[in-house]
Number of protein chains: 2
Amino acid sequence: MTSVNQLDDLDARILLALDENPDATVLHLAQTLGVARNTVHARLRRMTEGGALGSFSKRVAPAALGYPLVAFVWIAISQASDSAAMASLGEIPEIVEMHATTGDADLLAKVVARDPQHLHSLTSRMLRIEGVERTSTALSLVEAMPHRVRGLLEGVAGR
Amino acid sequence: MTSVNQLDDLDARILLALDENPDATVLHLAQTLGVARNTVHARLRRMTEGGALGSFSKRVAPAALGYPLVAFVWIAISQASDSAAMASLGEIPEIVEMHATTGDADLLAKVVARDPQHLHSLTSRMLRIEGVERTSTALSLVEAMPHRVRGLLEGVAGR
DNA sequence: CTTGAATCGGGCAGGATGCTCAACGGCGCG
DNA sequence: CGCGCCGTTGAGCATCCTGCCCGATTCAAG
């Protein structure tokens, strides 16, 4: 997420209103927020095109697709095979997020799986990728706080 | 995300179509997918109410709200203060996700921040919470793979 | 001051909505 | 097997909304 357009308070208020009611019409948002219809429309387009508003599928819960198990996998990469390993890891759809991080390993992957055996087969698959030297897995026992950005939105909206 | 309704292939195809075009009307989805309008409507309502389709704000990129920095913070909790510490951590809006995990620490938090100084003040704030014994931070250098579930959706949709 | 971008209010031609209804088909159960 | 339940279907109603366009105004930057 490099160089995303920064949202102002009206942008944030629009998104908050949509968080409350995702089916709200542009016209209703405009009336509720006290701005012109065109303005809401232009703002939404800008947020979508500018990357601030991501893809619809970000709303989908992997557990509903049959992947109730979440794990965090630290992956150590050998430097020579960096990009090829990344591409191979990208072919595993169960890796739903990945960051190159500071710390002991090179990558931290958020992985979903059907069950523990499936998770094990996924980490084995990762280890077979050329360039992947080591993995270390921490299992999520409870999703203590599901992904949320509402508090951040409220801050920008001035609440 | 406990006991989420499982999605079938039509659910997944609806979500894929919406991923392609989030503004698609129910009528257009119905025509495209070859089902009745009411069916799409009923499916969407069920996915929303059943938890499979999460809140709109999950689409919002924290970087666009002024939080470009991502970090993963391992938090060790003393057992006596478990729920009070959790509640206090929940009051920090920059903690955008948190899991109770296996491994060395008790919690893994995904934290966003304005800059390194801000991150430091956040971890200091966490350490001041009664029950939080220790934190260990890994900084995300690059979001190598932004959050994605499209591949999982395609699997369920039968592609 | 000039310029460009954003907002505003209005409008056009066409389209969509939430909800209701009755009928039908498939499935599970006794 | 018969029955009940649930989901899907197609149709319709009254109401509302859309993408896009336009000219005028406002605001910020040079």
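Source: prediction; values computed, not measured. Labels below follow one simple rule: chain letters A, B, ... track the order of the sequence lines, proteins then strands, and each chain is numbered from 1.
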Handout entry: Atom-pair distance (CG on B:L29; P on C:dA16), nearest Å
Key = 11 Å
Problem - CA sep, side-chain torsions, deciding dist, call: A:R150, A:E20, salt bridge (Lys or Arg N to Asp or Glu O under 4.0 Å) - result: CA-CA 10 Å; A:R150 191 172 171 98; A:E20 303 279 349; 2.4 Å; yes
Handout entry: Side chain to side chain, B:H147 and A:H147, heavy atoms closer than 4.5 Å
Key = no
Practice task
Starting at atom CG of B:L27, determine the distance to atom P of D:dT18, rounded to an integer number of angstrom.
Solution key: 15 Å
Fill in the blank from the handout: Taken in chain and number order and not counting sequence neighbours, the residues that satisfy side-chain contact (heavy atoms from CB on, under 4.5 Å) with B:S124 are B:H120, B:R128
Practice task
Could you work out the complete set of other residues in the hydrophobic cluster of B:L27, with links drawn between I, L, V, M, F, W and Y side chains under 4.5 Å apart?
Solution key: none
Practice task
Using whole Å, report how far CZ of B:R45 lies from P of C:dT17.
Solution key: 14 Å
Problem - Sidechain-backbone polar pair: B:T135 side chain, B:V73 backbone, donor-acceptor under 3.5 Å - result: no
Handout entry: Pairs touching residues 29-44 of chain B that satisfy side chain to side chain donor-acceptor pair (under 3.5 Å), sequence neighbours left out
Key = B:D8-B:R43, B:D11-B:R43
Handout entry: Length of the CD1-C1' vector between B:I14 and D:dG7, whole Å
Key = 13 Å
Exercise for the section: Ignoring backbone atoms, establish whether B:H41 has a side-chain N or O less than 4.0 Å from OP1 or OP2 of C:dC19. Expected result: no
Handout entry: Within residues 42-91 of chain A or reaching into it, pairs that qualify as ring pair (Phe, Tyr, Trp, His ring centres under 6.0 Å) - sequence neighbours excluded
Key = A:F72-B:H99, A:W74-B:W74
Handout entry: N or O in side chain of A:R43 less than 4.0 angstrom from C:dA6 OP1/OP2
Key = no
Problem - Distance in angstrom units between B:H28 NE2 and D:dC17 C1', rounded - result: 17 Å
Practice task
Calculate the interatomic distance between B:D23 atom CG and C:dA16 atom C1'; express it in whole Å.
Solution key: 13 Å
Handout entry: Non-hydrogen side-chain atoms of B:V96 and A:L152 separated by less than 4.5 Å
Key = yes
Handout entry: Strand-adjacent residues in residues 30-38 of chain B, judged by heavy atoms under 4.0 Å from DNA chain D
Key = B:V35, B:A36, B:R37, B:N38
Practice task
Would you indicate whether B:H28, at its atom NE2, is surrounded by more than 12 heavy atoms from other residues, nucleotides or ligands within a distance under 6.0 Å?
Solution key: no
Handout entry: End-to-end axis angle, where each axis spans five pairs of the helix from C:dC1-D:dG30 to C:dG30-D:dC1, to 10°
Key = 60°
Practice task
To the nearest Å, give me how far apart CG (B:L10) and P (D:dT8) are.
Solution key: 7 Å
Practice task
Let me know the distance between CG of A:N21 and C1' of D:dC17, rounded to the nearest Å.
Solution key: 14 Å
